[in-house]
Number of protein chains: 2
Amino acid sequence: MKLTKNIPARTIERMVLYKRLLSDLLSKGQKTLFSHQLAALAHNTPAQVRRDIMTIGHEGSPHKGYDIASLITRITAILDGSKDRSIALVGVGNLGRAILSYFTYRHPGLTIVAAFDTDDSKVDRVISGCRCYHIREFETKVRELDINVGIITVPATQAQNVTDMMVAAGIRGILNFAPVPLKVPDTVCADRIDIASSLEKLAYFADHLKQHE
Amino acid sequence: MKLTKNIPARTIERMVLYKRLLSDLLSKGQKTLFSHQLAALAHNTPAQVRRDIMTIGHEGSPHKGYDIASLITRITAILDGSKDRSIALVGVGNLGRAILSYFTYRHPGLTIVAAFDTDDSKVDRVISGCRCYHIREFETKVRELDINVGIITVPATQAQNVTDMMVAAGIRGILNFAPVPLKVPDTVCADRIDIASSLEKLAYFADHLKQHE
DNA sequence: TACTTACTGTGAAGCAACTCACAAAGACAT
DNA sequence: ATGTCTTTGTGAGTTGCTTCACAGTAAGTA
């Protein structure tokens, strides 16, 4: 695979979606599709789809469209989805446990292999198939299990501390559920999922979207 | 408050964050701040902060900066955060329950007032302070409790059905945890939170971000 | 009073993502 | 063959958010 330079984040997000949609179609026996069909499934435009596929260096043929199997292969290669990802979760509270149970065995290629907490009553328990360790073992386990993505589900006040610890341990991607922005060096990628913020934003648009045509 | 026309979604997201950061400062007794201080807390630039504040029609003074209390008031007015929001959740599975427990009593102004499921064993139970109803009562309860935001935590196969039901019941904002994009009329605002996708994206950037200065 | 300093408000420039619109090309019909 | 139809690939244009850079301004200083 040629080294495609700098694919924009938005495109990567859509690739993840395309991959899932295409895999569905493939498992139903469909072999090819056109840009407008994928666009309908992804709720965007044919032009967007074609541009995206062009961006990752793949091509289709004007009369058959895109070959689903080879497109999946290409996207997978881009996303590096071939190799299994080991993920660590820090903060075994309500949300942490929910993510563990929600996640386990459901997402091939993405596995939460270790959870961490400061609470001794949680240490060594196995929650939804995932063992809990004391947070002081974090760096050791990260190295041992070759983890490079971390999930943060600790209270806001501790999120930055945990982040710094993750960065020090060599984590390169952080998914943060705490409602604070994290400071990370630019060799590390951090994303925030904040349910309360999302709801507030939604509440705003629920009121301000046009009420009529 | 004057009708500010069309504040971009990105700005609204930052407003939600600013509001939280400013409230923290206010409760610590701070009265005013400068754009560069808020920028540091929000991890963006002073110019961005000033532009945002300008966009919502507020202003500061060159020597004292912005008045925190009045800025919060303004943001709250914009976000309509004064009135309490009633929220419905559909799909009382692992994730649904986690969100209920994670959310309850923690977010003033945002309350999940009713949960819905098809499973009779869940109906009438109270989970984390929130009562479950059978989904056939959805529209009735939505009207009764004046709900206009909904959370979807059902399996992907049912997400669109639930969405259509929500739209029919008059819901205007939908937060979707199922890994499929939803089709909604443009009078309704839908947002997707997909943990698996986020992790895949993160995994990609964990590998592709620059390794060194 | 005049000078310095530090900040805001904002027009204009810069960027990045999205869309348009059309040339090129294969399939099929006649 | 020749023409028609449909769809791809893509340069160019557009849109919308972000950043720059500087005039305007008020407080502090002497």
Engineer: Whole angstrom is fine here: how far is it from CG in B:L33 over to P in C:dA6?
Structural biologist: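 Distance, rounded to whole Å: 18 Å.
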
Engineer: Rounded off to whole Å, could you give me the CD-to-C1' distance for the A:Q48 and C:dC20 pair?
Structural biologist: 13 Å

Engineer: Could B:R74 and B:D67 be called an ion pair, given the rule that one side-chain N must be under 4.0 Å from one carboxylate O?
Structural biologist: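 Looking at B:R74 and B:D67, the cut-off is not met.
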
Engineer: Test side chain to side chain contact (heavy atoms under 4.5 Å, CB included) on B:Y204 and B:E200; report intermediate values, then the result.
Structural biologist: CA-CA 6 Å; B:Y204 173 83; B:E200 280 203 76; over 6 Å; no

Engineer: If we ignore hydrogens and angles and just use 3.5 Å, is the side chain of A:S101 paired with the main-chain N or O of B:N94 as donor and acceptor?
Structural biologist: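 No, the answer is negative, given that no donor and acceptor are paired below the 3.5 Å cut-off.
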
Engineer: What residues, two or more places apart in sequence or in another chain, satisfy side-chain contact (heavy atoms from CB on, under 4.5 Å) together with B:F177?
Structural biologist: A:I195, B:L95, B:I99, B:I151, B:T153, B:L175, B:I193

Engineer: Between A:R10 and C:dC18, does any side-chain N or O lie under 4.0 Å from OP1 or OP2?
Structural biologist: yes

Engineer: Minimum heavy-atom separation for A:V92 and A:F116, please, with both atom names.
Structural biologist: CG2-O, 3.6 Å

Engineer: Which comes earlier along DNA chain C counting from the 5' end, the contact point of A:A9 or that of B:G60, where each point is its nearest nucleotide?
Structural biologist: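 Its nearest nucleotide lies further toward 5', so the answer is B:G60.
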
Engineer: Return the value, rounded to whole Å, for the distance between atom CD1 of A:I7 and atom P of C:dC18.
Structural biologist: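 A:I7 atom CD1 is separated from C:dC18 atom P by 14 Å.
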
Engineer: At 10 degrees resolution, what angle do the end axes of the helix from C:dT1-D:dA30 to C:dT30-D:dA1 form when each is taken over five base pairs?
Structural biologist: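 End-to-end axis angle for the helix from C:dT1-D:dA30 to C:dT30-D:dA1: 10°, rounded to 10°.
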
Engineer: A:N6 has an atom CG; how far is it from atom P of C:dA16, in whole Å?
Structural biologist: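 Spelled out: CG on A:N6 to P on C:dA16 is 10 Å.
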
Engineer: Classify the angle between the aromatic ring planes of A:H107 and A:Y102 as parallel (below 30°), tilted (30 to 60°) or perpendicular (above 60°).
Structural biologist: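 Rings of A:H107 and A:Y102: tilted, 30 to 60°.
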
Engineer: Can you build the contact string for nucleotides 21-30 of chain C? Use B for base contact, S for sugar-phosphate-only contact, and - for no protein heavy atom under 4.0 Å.
Structural biologist: B----BS---

Engineer: With the side chain of B:H36 defined as its heavy atoms from C-beta on, choose the nearest nucleotide among C:dG9, C:dC7, C:dC18.
Structural biologist: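 Nearest nucleotide to the side chain: C:dC7.
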
Engineer: Hey, does A:S35 reach any base, or is it just sugar-phosphate, or nothing, if we go heavy atoms under 4.0 Å?
Structural biologist: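 A:S35: backbone/sugar contact only, no base atoms under 4.0 Å.
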
Engineer: Could you tell me whether a side-chain N or O of B:T104 sits under 3.5 Å from a main-chain N or O of B:G129, the two making a donor and an acceptor?
Structural biologist: no

Engineer: In whole Å, what is the span from the CG atom of B:D52 to the C1' atom of C:dT8?
Structural biologist: 14 Å

Engineer: Please list, chain by chain and in numerical order, all residues satisfying salt bridge (charged side-chain N to carboxylate O under 4.0 Å, His left out) with B:R51, sequence neighbours excluded.
Structural biologist: none

Engineer: Provide, to the nearest angstrom, the distance between the CE atom belonging to B:M54 and the P atom belonging to C:dA12.
Structural biologist: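 Whole-Å distance recorded here is 12 Å.
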
Engineer: How close or far is atom C1' of C:dC7 from atom CG of B:L38, stated in whole angstroms?
Structural biologist: 15 Å

Engineer: Which side-chain N or O atoms in residues 159-171 of chain A pair as donor and acceptor under 3.5 Å with protein atoms at least two apart or in another chain?
Structural biologist:
unit_1, atom_1, unit_2, atom_2, d
A:Q160, OE1, A:K183, N, 2.9
A:Q160, NE2, A:D164, OD1, 2.9
A:Q160, NE2, A:K183, O, 3.0
A:T163, OG1, A:A159, O, 2.7

Engineer: Side chain to side chain contact (heavy atoms under 4.5 Å, CB included) between B:L25 and B:L41: does it pass, once the steps are laid out?
Structural biologist: CA-CA 10 Å; B:L25 293 179; B:L41 294 170; 3.8 Å; yes

Engineer: Show the nearest heavy-atom pair for residues B:D117 and B:G91, with the distance to one decimal.
Structural biologist: OD2-C, 3.7 Å

Engineer: Can you give the first and last nucleotides of DNA chain D, 5' to 3', that have an atom under 4.0 Å from a heavy atom of chain A?
Structural biologist: D:dT6 to D:dA12

